[in-house]
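Note: hydrogens, waters and symmetry copies are ignored here, and every other heavy atom, side chains too, is used. Numbered from 1 within each chain, the chains take letters A, B, ... in sequence-line order.
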2 protein chains.
Amino acid sequence: MALPPWQPCPIRDVLDRIGDQWSLLILEALGRESVMRFNELSREVEGISRQMLSRTLKRLEQDGFVGRTVYAEVPPRVEYALTELGHSFLGPMRALVAWADGHHDQIRDARTAYVAREGS
Amino acid sequence: MALPPWQPCPIRDVLDRIGDQWSLLILEALGRESVMRFNELSREVEGISRQMLSRTLKRLEQDGFVGRTVYAEVPPRVEYALTELGHSFLGPMRALVAWADGHHDQIRDARTAYVAREGS
DNA sequence: CAGGATCCCGTTAGATACTG
DNA sequence: CAGTATCTAACGGGATCCTG
């Protein structure tokens, strides 16, 4: 989502980061386990490719949601964890997820009702 | 965001709808005014094109967030308002927006700190 | 183990022009 | 007033292969 030249909107700025396909799911996983490694995450976040995991983690790191620690070992070990900022985001995020779970049926019903009214 | 064949995830399902560039801003506007007409919305939601407003409203209507009432008049009058489902969404949405407003600076700081560390 | 590089395609969103 | 149609550039995301 390319930001047009007008003033930076905080809402959109945050939504651009967490509105993609994977960010929320990664944050949710990290919210459960507190510290996770790369392949651990790729197993936990079902369906994600390594590339998207890598990209999304990097963006979350850039924006301060996630911290990344590299250990100088062989084989390499990299650990990801929520930062304080990331933790503070869990509250509103879980409220949103809870709402989504609770109203998913209504949304699906609305969709079928819509196609029944308007067709396709 | 094309849903892969595995089971429909409520979180992603909701996020696909409200995670785009305009939905949240439209819902926020409708949350303030309770009833709005098309051109009123296009003025209120700054920067949106008529086309994107039209498309996004239609999707929000399909998913039951927004109701649409057409009056058989000349010139035509169409009013948009939140449904009950839409209203129930305002709570978690505002929690998210408040978080975004409150932590926007930290995110921007994290970004500049990142480029200072890693470069570009 | 933890990624990066490349290719490729479907979707998104902007601009512009047109309509009932 | 309240939209729709078309065209196009940009982006997201999957698959595959390669590396330190």
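Remark: C1' of C:dG20 and CD of B:Glu73 are 16 Å apart, rounded to the nearest angstrom. Taking atom CD on A:Glu44 and atom P on C:dA2, their separation rounds to 14 Å, with Å as the unit. As rounded to whole Å, 15 Å separates atom P of C:dA5 from atom CE of A:Met52. Between the CG atom of B:Asp20 and the P atom of D:dG13 there is a distance of 13 Å, given to the nearest Å. Between A:Trp22 atom CH2 and D:dG13 atom P the separation is 9 Å, expressed in whole Å. Note: CG (A:Leu15) to C1' (C:dT12) measures 15 Å, nearest angstrom. Regarding B:Gln21, its CD atom lies at a distance of 11 Å from the P atom of C:dA15, rounded to whole Å. In this structure, the CD atom of B:Glu40 is 11 Å from the P atom of D:dC1, given to the nearest Å.
Following chains of ILVMFWY side-chain contacts shorter than 4.5 Å, one cannot reach B:Leu41 starting from B:Tyr71, and the two form parts of different hydrophobic clusters.
Inter-residue side-chain proximity for A:His87 and A:Glu84 is flagged as unmet; no heavy-atom pair is nearer than 4.5 Å. The shortest distance between side-chain heavy atoms of A:Arg68 and A:Leu57 does not fall below 4.5 Å. Side-chain contact between B:Glu28 and A:Ile11: present, with at least one pair of heavy atoms (C-beta onward) separated by less than 4.5 Å. Under the 4.5 Å side-chain criterion, counting only non-hydrogen atoms from C-beta, A:Gln62 is not in contact with B:Glu118.
Each of C:dA2, D:dC1, C:dA13 was ranked by its minimum atom distance to the side chain of B:Pro75; first place goes to D:dC1. Listed nucleotides: D:dG13, C:dC1, D:dA2. Nearest to the side chain of B:Phe38: D:dA2.
Place B:Asn39 and B:Arg55 on DNA chain D by their nearest nucleotides, and B:Asn39 ends up nearer the 5' end. Position along DNA chain C of the nearest nucleotide to B:Arg50 versus B:Arg59 favours B:Arg59 as the more 5'-ward residue.
Nucleic acid contact for A:Tyr80: sugar-phosphate only, since backbone atoms but no base atoms lie under 4.0 Å from a heavy atom of the residue.
OP1 or OP2 of C:dA2 has at least one side-chain nitrogen or oxygen of A:Arg37 nearer than 4.0 Å. For the pair B:Ser54 and D:dT4, the criterion of a side-chain N or O lying under 4.0 Å from OP1 or OP2 is met. Phosphate contact (OP1/OP2 of C:dG3, side-chain N/O of A:Lys58, threshold under 4.0 Å): absent.
A donor-acceptor contact under 3.5 Å is formed by the side chain of A:Gln51 with the base of C:dT6.
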